[in-house]
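Working notes, structure below.
If you're wondering where the values come from, they're calculated on a predicted model, not measured in any experiment. In what follows, every chain begins at residue 1, and chains take the letters A, B, ... in the order their sequences are listed.
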There are 2 protein chains.
Amino acid sequence: MTLKTKENYLKAMYMLAEEEGVISLSGLGKRLGVSKPTVNSMVKQFQHEGWVEYQKYKPIELTSQGKKEAALVIRRHRLVEMFLVEKMEFGWEEVHDIAEEMEHVEAEILFDRMNDMLGNPAFDPHGSPIPDKNGNVLSRPYLSLSEMRRGDRVVVKALRDDNKEFLDYLNGRHIRLEVEMLVEQIETFDKSMTISIEKEPSLNLSKEVCDRLLVERL
Amino acid sequence: MTLKTKENYLKAMYMLAEEEGVISLSGLGKRLGVSKPTVNSMVKQFQHEGWVEYQKYKPIELTSQGKKEAALVIRRHRLVEMFLVEKMEFGWEEVHDIAEEMEHVEAEILFDRMNDMLGNPAFDPHGSPIPDKNGNVLSRPYLSLSEMRRGDRVVVKALRDDNKEFLDYLNGRHIRLEVEMLVEQIETFDKSMTISIEKEPSLNLSKEVCDRLLVERL
DNA sequence: ATATAAAGTTAGATTAGTCTAACAATTTTA
DNA sequence: TAAAATTGTTAGACTAATCTAACTTTATAT
């Protein structure tokens with residue numbers, strides 16, 4: 001199996017486990033853009049390599065080895081994103097696709113140097129934690145903005161999504177990490193929120209947007 | 001055909017044409033570490049794509065399209081090398097292998113940004129010219145140190161090789177680009193040279209080393 | 001509880017890039 | 001110039017990663 005294939009499958013499995021709680025064949029297929037039979041045969045190979053635990057018709061589980069290797073791919077991805085934003089003046093909406101390519105570069109020393117130049121950063125430009133060199137990750141106790149109530153004051157800490165369209169939307173409304181917001185109103189019928197940011201006009205954010213904003217209560 | 005394969009073959013062909021004047025099937029095979037039948041079948045595909053001109057038993061020739069695409073791969077390689085040395089404090093002996101990986105990253109914008117941060121550099125850390133965005137390259141009128149005569153004063157301008165062992169050897173003797181040398185002696189029997197660098201003890205350089213040092217007469 | 005939908009599986013085919021073995025053409029050298 | 005060496009070609013096989021078609025198992029929904 002090629003390294004890139006291995007890395008892409010492991011990363012997808014790791015993220016599915018995080019996001020959906022479970023790794024299904026079809027979820028993995030959709031995520032990777034491949035058919036179910038393809039995933040099925042690949043998963044058997046991953047099991048053979050000791051990266052997943054798998055039984056017919058049961059959900060897939062990453063072994064600790066698999067988790068670690070996946071976390072190291074994610075480490076490279078997030079370090080690259082941070083490097084691009086901090087050292088090369090890219091916007092947070094530009095870096096995902098570049099990092100997607102660079103995470104597969106076989107040059108440990110390059111990522112170590114990025115890490116050093118960035119001072120061993122704990123989070124990427126979207127607020128996601130950067131796993132350490134052993135594949136250990138800080139868990140984030142953040143809540144989604146949609147769980148807040150009227151009158152809550154919060155700080156934006158991370159995003160659930162680093163999709164370019166979403167980031168462009170946030171840029172257009174001056175929503176960045178560490179921005180402070182006040183929840184002014186919540187519409188009961190569509191769950192949209194009216195929020196205000198210091199020195200800016202109030203904004204209405206749809207449920208979809210609120211779900212994707214991870215915040216800390218002040 | 002995958003992009004990486006295409007890029008590796010084109011680059012190898014381009015460099016062979018430069019170094020040997022001709023692109024042979026076996027030369028290409030050796031360079032790429034693949035068998036002759038493999039090269040043979042790939043070259044047919046390259047011809048079909050319009051990147052090479054080829055007839056049975058004749059040497060391979062790159063079309064202008066092929067040359068341009070090859071030069072753009074080399075551009076990325078050399079830009080990366082320059083970026084690593086100038087912006088990330090790598091040594092000139094460390095960057096080849098990393099650049100070999102990074103040249104295949106599909107992110108035009110990344111290389112453009114490197115180019116901007118470096119001020120559109122004309123040469124890489126080993127003195128090789130960086131092709132421009134159209135694939136045009138400056139030709140270098142440098143001579144090899146081994147062509148010099150006793151008493152000549154020269155400046156080191158580039159290297160014929162960026163092999164790590166060679167660069168480590170040069171590092172150990174404080175030979176860098178722009179260093180000035182005086183040819184003190186040439187041994188007739190093995191063509192080795194005794195040269196001196198300002199404020200350093202005299203050095204004896206073998207023919208192999210002299211061949212690889214490209215200089216300009218003062 | 002059964003029909004329908006969704007998820008998973010199997011079989012068999014395909015493509016890219018590679019190989020070895022055997023042979024043919026060309027070039028070099030004695 | 002003939003033998004030897006090198007270079008190039010053909011045929012046929014292999015592996016990784018993918019697909020579609022057909023089928024089975026499990027989950028969901030009236």
In whole angstrom, what separates [X]'s [atom1] from [N]'s [atom2]?
X: Phe46(A); N: dA16(D); atom1: CZ; atom2: P; value: 13 Å
X: Leu3(B); N: dA16(C); atom1: CG; atom2: C1'; value: 14 Å
X: Lys6(A); N: dT18(D); atom1: NZ; atom2: C1'; value: 21 Å
X: Lys58(A); N: dG8(C); atom1: NZ; atom2: P; value: 12 Å
X: Tyr57(A); N: dT25(D); atom1: OH; atom2: P; value: 5 Å
X: Leu25(B); N: dC23(C); atom1: CG; atom2: P; value: 21 Å
X: Lys4(B); N: dA16(D); atom1: NZ; atom2: C1'; value: 15 Å
X: Leu28(B); N: dT6(D); atom1: CG; atom2: P; value: 19 Å

Which nucleotide in dT9(D), dA17(D), dG8(C) has an atom nearest any side-chain atom of Lys56(B):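 Closest of the options to the side chain of Lys56(B): dT9(D).
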
Side chain of Tyr54(A) - closest among dT18(D), dT9(C), dT9(D):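 When the side chain of Tyr54(A) is considered, dT9(C) is the closest of dT18(D), dT9(C), dT9(D).
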
Distance-only donor-acceptor check, side chains Asn40(B) and Lys44(B), under 3.5 Å: yes

Short side-chain donor-acceptor distance under 3.5 Å, Glu49(B) and Gln45(B): no

Answer yes or no: does a side-chain N or O of [X] lie under 4.0 Å from OP1 or OP2 of [N]?
X: Tyr9(A); N: dA16(D); answer: no
X: Thr5(A); N: dA16(D); answer: no
X: Ser26(A); N: dA6(C); answer: no

Bending between helix ends of the helix from dA1(C)-dT30(D) to dA30(C)-dT1(D) [5 pairs per end, 10° resolution]: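 End axes: 10° apart.
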
Near-strand residues of residues 34-44 of chain A, defined as heavy-atom separation under 4.0 angstrom from DNA chain C: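 Output list: Lys36(A), Pro37(A), Asn40(A), Lys44(A).
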
Verdict with reasoning, Arg217(A) to Asp152(A), per salt bridge (Lys or Arg N to Asp or Glu O under 4.0 Å): CA-CA 7 Å; Arg217(A) 235 191 225 99; Asp152(A) 283 345; 3.3 Å; yes

Basic-acidic side-chain contact under 4.0 Å: Arg31(B), Glu20(B):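 Here Arg31(B) does not pair with Glu20(B) in a salt bridge, since their nearest N and O are not under 4.0 Å apart.
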
Presence of salt bridge, Lys133(B) and Asp112(B), under 4.0 angstrom: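 Lys133(B) and Asp112(B): salt-bridged.
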
Crowding at CD, Glu89(B) (>12 non-hydrogen neighbours, <6.0 Å):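 12 or below, so no.
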
Glu100(B), CD atom: more than 12 neighbouring heavy atoms under 6.0 Å: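 Yes, because the 6.0 Å sphere around CD of Glu100(B) holds more than 12 heavy atoms from other groups.
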
Sugar-phosphate, base or nothing in reach of Gly33(A), heavy atoms under 4.0 Å: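 Answer is sugar-phosphate: Gly33(A) comes under 4.0 Å of backbone atoms only.
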
Among Asn171(B), Asp162(B), Asp124(B), side-chain hydrogen bond (donor to acceptor under 3.5 Å, both in side chains) partner for Trp92(B): Asn171(B)

Ser144(B) side chain to Cys210(B) backbone, donor-acceptor under 3.5 Å: yes

